[in-house]
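Basis for what follows: all heavy atoms, side chains included, without hydrogens, waters or symmetry-related copies. Positions are given from 1 along the sequence.
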Amino acid sequence: MRSTALVVLGAVALSLAACSSSGPPRDLTPPDLFQWAHDQFDAGEYRKAAEGFFAYMLREPMSPLVDSAQYLAAEGRLRAGDELDAIEEFRRMATGRPNSPLADDAQLGLCRAYLSASPRVSLSQEFTRRAIEECGRLLQFFPTTPFRAEAERLMAEAQAKLSQKSYEIGKYYQDNRRLPESAIVYYEISLSEQPAEDFLPDLLWRLYQTYRQVGYETEAGSVRDRLLSEFPDSEEAGKLAAEEDPAGNAGASL
């Protein structure tokens with residue numbers, strides 16, 4: 001296992017050296033090399049920092065600072081916008097060093113990297129789902145982690161993104177295809193995926209409309225009550241009131 005890790009590190013270091021002439025100075029001692037990489041990280045030179053930390057890990061594989069170097073190399077990748085590389089580095093540390101004091105940091109980093117790599121809502125949300133899975137693993141395997149609140153926040157953000165994806169599909173079926181039954185399927189999925197409040201009133205309004213359109217009056221009534229209860233001052237609640245009492249609305253406007 002150790003020889004395999006050294007081969008991997010060696011390949012990474014050679015690749016970095018071949019691709020960049022701005023890596024760490026070659027005449028640095030290992031302690032100075034670690035400090036150089038840390039200085040680059042603090043200065044926001046994240047790709048250079050990652051190169052330096054990888055070089056340090058290759059030269060000092062048994063150092064007590066290897067865990068810090070590996071974590072900071074992965075974090076540097078993420079901050080530089082190299083999310084896919086960051087995912088691999090965080091995963092390598094989280095799975096290969098489960099007893100490290102930084103193992104839960106790496107697991108959270110894996111969740112963060114997947115969410116950062118997640119594309120806009122109109123595209124596939126596989127990375128969003130992976131972010132939820134990795135945050136869930138953090139909570140499962142590190143129940144006392146100080147990062148619980150952050151992991152739960154990231155999971156909620158990812159869940160809201162999945163919910164918005166389903167909401168947008170429902171809108172497409174309702175507005176463009178005129179298929180209320182299909183719209184209902186996706187609106188219900190969206191509602192189950194913990195939607196964000198910025199589009200939840202419109203989701204409830206649209207679900208109410210489509211339920212009524214296909215004759216699901218009981219379901220429509222439940223959604224109506226939720227909309228009025230949770231968002232009484234919303235534009236959607238106003239549209240609902242105007243639809244149910246058009247004469248009263250007209251009179252109020254005179």
Undergrad: Side chains of Glu88 and Leu84, heavy atoms from C-beta outward: is any pair under 4.5 Å?
TA: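 No. Closest side-chain heavy atoms not under 4.5 Å.
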Undergrad: Output, in order, the C-alpha distance, side-chain angles, deciding distance and verdict of side-chain contact (heavy atoms from CB on, under 4.5 Å) for Lys48 and Trp36.
TA: CA-CA 9 Å; Lys48 288 183 181 180; Trp36 181 90; 4.1 Å; yes
Undergrad: Looking only at side-chain N and O atoms, does Thr29 offer a donor or acceptor that is under 3.5 Å from a partner on Asp32?
TA: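 Asp32 vs Thr29: donor-acceptor pair found between side chains.
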Undergrad: Answer yes or no: does atom CZ of Phe127 have more than 12 heavy-atom neighbours from other residues, nucleotides or ligands under 6.0 Å?
TA: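 Not buried by this count: 12 neighbours or fewer within 6.0 Å.
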Undergrad: Looking only at heavy atoms, which two atoms of Ala151 and Leu139 are closest? And how far apart?
TA: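 That would be CB-CD2, 4.0 Å.
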Undergrad: For residues Gln125 and Arg120, determine if any side-chain heavy atom of one lies less than 4.5 Å from a side-chain heavy atom of the other.
TA: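 Answer no - side chains too far apart.
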Undergrad: Considering only NZ, NE, NH1 and NH2 on the basic side and carboxylate oxygens on the acidic side, decide whether Arg153 and Glu150 come within less than 4.0 Å.
TA: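 Answer for the salt bridge query: yes.
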Undergrad: Step by step, would you call Arg212 with Glu219 a side-chain contact (heavy atoms from CB on, under 4.5 Å)?
TA: CA-CA 8 Å; Arg212 299 247 357 236; Glu219 291 82 354; over 6 Å; no
Undergrad: Are side-chain heavy atoms of Ser182 and Tyr172 found at a separation under 4.5 Å?
TA: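 Of all side-chain heavy-atom pairs linking Tyr172 with Ser182, none is under 4.5 Å.
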Undergrad: Which atoms form the tightest heavy-atom contact between Glu60 and Val66, and what is the distance?
TA: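 Taking Glu60 first and Val66 second, the nearest heavy atoms are O-CG2, 3.0 Å.
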Undergrad: Can you confirm whether Cys135 sits close enough to Met155 that some side-chain heavy atom of one is under 4.5 Å from a side-chain heavy atom of the other?
TA: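 Yes - at least one pair of side-chain heavy atoms lies under 4.5 Å apart.
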Undergrad: Starting from Leu78, can I reach Leu72 by hopping between I/L/V/M/F/W/Y residues whose side chains sit under 4.5 Å apart?
TA: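 Leu72 and Leu78: one cluster.
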Undergrad: Do Ile132 and Arg129 have side chains that approach each other closer than 4.5 Å (heavy atoms only, starting at C-beta)?
TA: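 They are not in contact (no side-chain heavy atoms under 4.5 Å apart), so the answer is no.
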Undergrad: Under 6.0 Å between the ring centres of Tyr71 and Phe53?
TA: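 Ring centroids of Tyr71 and Phe53 are no less than 6.0 Å from each other.
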Undergrad: Could you check Glu75 against Phe41 for side-chain contact (heavy atoms from CB on, under 4.5 Å), going step by step and ending with a plain yes or no?
TA: CA-CA 9 Å; Glu75 184 68 24; Phe41 189 94; 3.7 Å; yes
Undergrad: Pairs under 3.5 angstrom only: tabulate donor-acceptor contacts from the side chains of residues 103-111 to other protein residues two or more places apart or in another chain.
TA:
residue, atom, partner, partner atom, Å
Asp104, OD2, Thr145, OG1, 3.0
Gln107, NE2, Glu134, O, 3.0
Gln107, NE2, Glu134, OE1, 2.8

Undergrad: Are Val121 and Leu123 linked, directly or through intermediate hydrophobic residues, by side-chain heavy-atom contacts shorter than 4.5 Å (ILVMFWY only)?
TA: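 They do not share one cluster, since no chain of ILVMFWY contacts under 4.5 Å joins Leu123 to Val121.
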Undergrad: Below 4.5 Å, heavy atoms only, C-beta onward: do Leu179 and Gln174 meet side chain to side chain?
TA: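 Leu179 does not reach Gln174 side chain to side chain.
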Undergrad: Do Phe54 and Glu89 touch side chain to side chain, with heavy atoms closer than 4.5 Å?
TA: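 Yes, at least one pair of side-chain atoms sits under 4.5 Å.
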Undergrad: Between the side chains of Asp82 and Arg47, is the shortest nitrogen-to-carboxylate-oxygen separation below 4.0 Å, so that they form an ion pair?
TA: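 Salt bridge: yes.
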Undergrad: Considering only Ile, Leu, Val, Met, Phe, Trp and Tyr, and joining two whenever side-chain heavy atoms are under 4.5 Å apart, list the other residues clustered with Leu227.
TA: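 In the cluster with Leu227 are Tyr167, Ile184, Tyr187, Leu191, Phe199, Leu200, Leu203, Leu204, Trp205, Leu207, Tyr208, Tyr211, Val214, Tyr216, Val223, Leu228, Phe231, Leu240.
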Undergrad: With heavy-atom distances below 4.5 Å as the criterion, would you say the side chains of Ile87 and Arg91 are in contact?
TA: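 Counting from C-beta outward, Ile87 and Arg91 do come under 4.5 Å.
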Undergrad: So Gln70 and Arg97, side-chain hydrogen bond (donor to acceptor under 3.5 Å, both in side chains) or not? Walk me through it.
TA: CA-CA 10 Å; Gln70 187 170 6; Arg97 307 280 291 180; 5.1 Å; no
Undergrad: Does any N or O in the side chain of Lys161 come within less than 3.5 Å of the main-chain N or O of Pro119, such that one atom is a donor and the other an acceptor?
TA: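 The answer is yes, because a donor-acceptor pair under 3.5 Å joins these two groups.
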Undergrad: Might you point out which heavy atoms bring Leu115 and Ala131 nearest each other, and give the distance in Å?
TA: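 Shortest heavy-atom separation between Leu115 and Ala131 comes out as N-CB, 3.7 Å.
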Undergrad: Step by step, work out the side-chain hydrogen bond (donor to acceptor under 3.5 Å, both in side chains) result for Glu193 and Ser166.
TA: CA-CA 9 Å; Glu193 290 173 327; Ser166 300; 3.0 Å; yes
Undergrad: Closest heavy-atom contact between Ala37 and Ala49?
TA: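 Taking Ala37 first and Ala49 second, the nearest heavy atoms are O-CB, 3.5 Å.
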Undergrad: Check this for me: does any side-chain nitrogen of one of Glu152 and Arg148 sit under 4.0 Å from a carboxylate oxygen of the other?
TA: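 Yes.
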Undergrad: In terms of hydrophobic clustering (I, L, V, M, F, W, Y; side-chain heavy atoms under 4.5 Å; direct or indirect links), are Ile189 and Leu162 co-clustered?
TA: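 Hydrophobic grouping puts Ile189 apart from Leu162.
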Undergrad: Taking salt bridge (charged side-chain N to carboxylate O under 4.0 Å, His left out) as the definition, give me every residue that meets it alongside Arg224, ordered by chain and number, with sequence neighbours left out.
TA: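 Testing Arg224 for salt bridge (charged side-chain N to carboxylate O under 4.0 Å, His left out), a comparison that skips the adjacent residues, returns Glu244.
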Undergrad: For the atom pair CD (Gln194) and CD (Gln159), what is the distance rounded to the nearest 0.5 Å?
TA: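 Answer rounded to 0.5 Å: 4.5 Å.
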Undergrad: How long is the straight-line distance from CG of Leu138 back to CD of Glu133, given to the nearest 0.5 Å?
TA: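 Rounded to the nearest 0.5 Å, the CD-CG separation comes out at 14.0 Å.
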Undergrad: Would Ser63 and Tyr56 count as a side-chain hydrogen bond (donor to acceptor under 3.5 Å, both in side chains) here? Give the steps.
TA: CA-CA 9 Å; Ser63 167; Tyr56 177 82; 2.7 Å; yes
Undergrad: May I ask you to decide if Arg206's main-chain N or O and Thr210's side chain share a donor-acceptor pair within less than 3.5 Å?
TA: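 Here the side-chain-to-backbone pair exists.
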Undergrad: Grab the two heavy atoms, one from Arg26 and one from Arg59, that are nearest each other, plus how far apart they are.
TA: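 Looks like O-NH1, 4.4 Å.
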Undergrad: Please report the C-alpha distance between Lys165 and Glu168 in whole Å, then the side-chain angles of each, then the deciding distance to 0.1 Å, and finally whether the salt bridge (Lys or Arg N to Asp or Glu O under 4.0 Å) criterion is met.
TA: CA-CA 5 Å; Lys165 172 77 172 184; Glu168 295 293 343; over 6 Å; no
Undergrad: Are Tyr114 and Phe90 linked, directly or through intermediate hydrophobic residues, by side-chain heavy-atom contacts shorter than 4.5 Å (ILVMFWY only)?
TA: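 Yes: a chain of side-chain contacts under 4.5 Å links Phe90 to Tyr114.
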Undergrad: Which heavy-atom pair separates Met93 from Asp67 by the least distance, and what is that distance?
TA: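 Closest heavy-atom pair between Met93 and Asp67: CE-O, 3.4 Å.
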Undergrad: Does either side chain, that of Glu83 or that of Ser116, offer a donor lying less than 3.5 Å from an acceptor on the other one?
TA: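 Yes, side-chain donor-acceptor contact under 3.5 Å.
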